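The next block holds one structure in the form of structure tokens; read it before the comments.
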Amino acid sequence: MPDRRSAATDSRRAVPRTDAVLADPRLATAAARLGGRLVKEAVTAAQARCRAGDLEPGEVADAALAALPEAATSLHRVVNATGVVVHTNLGRAPLSAAAREAVALAAGPTDVELDLATGRRGPGGAGALAALAAAVPDAGAVHVVNNGAAALALVTLGLAAGRNVVLSRGEMVEIGDGFRIPELLESVGATLREVGTTNRVRLADYAAAVDGATAFVLKVHPSNFVVSGFTSTVPVRELAGLPVPVVADIGSGLLAPHPLLPGEPDAATALREGAALVTASGDKLLGGPQAGLLLGRADLVQALRRHPLARALRVDKLTLAALEATLTGPTAPVRAALEADTAALRRRAGALAGLLADVGADARASVAAVGGGGAPGVELPSAAVTLPVPFAEALRRGRPAVVGRVERDRLLLDLRTVPPEQDEELLAAVRAAAAALAGA
Ligand SMILES: *Cc1c(COP(=O)(O)O)cnc(C)c1O
């Protein structure tokens, strides 16, 4: 075993030159795939480690190769072991394999605005809109914009600029990151008519506020909190009797009722109960790409689609492709996580913990959540592999990164949000983290 010190001294003299390292055919291939800049950065970092005595000169190319990102993006692939099904900080809904394939196809030249039969210009996104219309037959027409906030902004701008929107004080919601629904409404020129109190509102409150200046009554789903106790709200079917349109911002993007989420509003029910328009996100419970869904009365949707601002909120071909595949393809990961059988999760946790007993793992029942996507307060029974807390950072620093949650002095890797086909990868990641911790 050579003395590390003298090896370091030798290395300092013998740091391989950049062009010599870059001549390694594996790095040349990587440069063609990822771009020269990323590869050069990795080589420079490896040379620095060699200079510091951490690497032998002959190890520089291998180290540079190992440090290269998976793709030419600073984003990292993450295994979501948080137990939060729609995790805002992890990019909300992960796309299904079908949606990823569709995105890859649409990334090249594609007939998004061309009719291949006639060679003439075609309507953009016809396939995605048809899939959405088919998924919600109660909607007279549908439109897709950039996100839920854009859908609500377009509705408000198109119908209520210079007019009033009636909204319950109990539904003056902040969604997250400082995004407040009332501020959005006012920012596009609507005046808010607040009715009721934080905990209670009645139909008579709405009726008294509706007048000639009212554009619509807005019903907002409090998608990230619950109010309990002495409360009352007015359902869409009662608001629908008022002489102005009802707009329902359901947020979560559930298109039809879901048996596991009985309290969560859905587009079909809101429309059937008389909402003129429904707005929702594409990347929450629907499990698709970031998008804003606009569904409802054909005359209103058509008018909004032709509004000058609609162009500024337009989605791109990648979103259209992912949305269509989410709507027509196999079960999306969000739905699969929501519906995963708890007994199967327990079995997986037990098996993984058994294989990792030597690094201090065990299995435990846990409680997962729907998350930023809606269904506040809903608890999803789940199962987790637990590890000593230092694994939390080691796993985050691994590639792929694994993000769990710390609870009662243990790191929990909650399996409800980990698809079973990622178990092998999770196992390898824990092994690598254990090695990193042992080496540190
Ligand atoms: C999430 C949400 C929004 C915002 O949608 P984005 O897609 O994040 O822009 C608006 N309203 C409600 C009720 C929501 O839950």
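Just so you know, ligand 1 is whichever comes first in the structure, and atom 1 is the first atom listed for that ligand. None of these values were measured; they are calculated from a predicted model.
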Examine [X] against ligand 1 and note whether any of their N/O atoms are separated by less than 3.5 Å.
X	answer
His221	no
Asp283	no
Ser252	no
Gly251	no

* Asked: Between Arg297 and Asp299, does at least one N-O distance fall below 4.0 Å, as a salt bridge requires?
  -> yes
* Answer side chain, backbone, both or neither: which part of Ile181 comes under 4.0 Å from ligand 1, heavy atoms only. =>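 Near ligand 1, Ile181 shows its side chain, while the N, CA, C and O stay back.
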* To do: Of the side chain and backbone of Ala149, name the one, both, or neither that has a heavy atom under 4.0 Å from an atom of ligand 1.
  => both
* Is the CZ atom of Arg202 crowded by more than 12 outside heavy atoms at less than 6.0 Å? -> no
* Around Glu379, counting heavy atoms of other residues, nucleotides and ligands shown, do more than 12 lie under 6.0 Å from its CD? -> no
* Ignoring hydrogens and angles, state whether a donor on the side chain of Asn199 or Thr231 is under 3.5 Å from an acceptor on the partner side chain. =>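 Asn199 vs Thr231: no donor-acceptor pair found between side chains.
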* Donor on one side chain, acceptor on other, His221 and Glu264, under 3.5 Å ->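 Present: a donor and an acceptor within the cut-off.
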Can you name the atoms of ligand 1, numbered from 1 with element, that are less than 4.0 Å from a heavy atom of [X]?
X	value
Gly148	5 (O), 6 (P), 7 (O), 9 (O)
Asp249	10 (C), 11 (N), 12 (C), 13 (C)
Phe179	4 (C)
Ser281	1 (C), 5 (O), 6 (P), 7 (O)
Ser223	13 (C), 14 (C), 15 (O)

* Asked: Is Gln290 in contact with ligand 1, taking contact as a heavy-atom separation below 4.0 Å?
  -> no
* Asked: Does ligand 1 have an atom under 4.0 Å from some heavy atom of Arg92?
  ->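 Yes, Arg92 has a heavy atom closer than 4.0 Å to ligand 1.
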* May I ask you to decide if Gln290's main-chain N or O and Asn147's side chain share a donor-acceptor pair within less than 3.5 Å? =>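 No, the answer is negative, given that no donor and acceptor are paired below the 3.5 Å cut-off.
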* Asked: Is there a donor-acceptor pair closer than 3.5 Å between any side-chain N or O of Asp249 and the backbone N or O of Ala151?
  ->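 Side chain of Asp249 to backbone of Ala151: no pair is present.
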* May I have the step-by-step check of side chain to side chain contact (heavy atoms under 4.5 Å, CB included) for Phe216 and Leu277, ending in yes or no? => CA-CA 10 Å; Phe216 58 82; Leu277 289 171; over 6 Å; no
* Given the rule in the side chain to side chain donor-acceptor pair (under 3.5 Å) test, do Thr214 and Asn164 qualify, once you have shown the distances and angles that lead to the verdict? -> CA-CA 5 Å; Thr214 305; Asn164 292 348; 4.9 Å; no
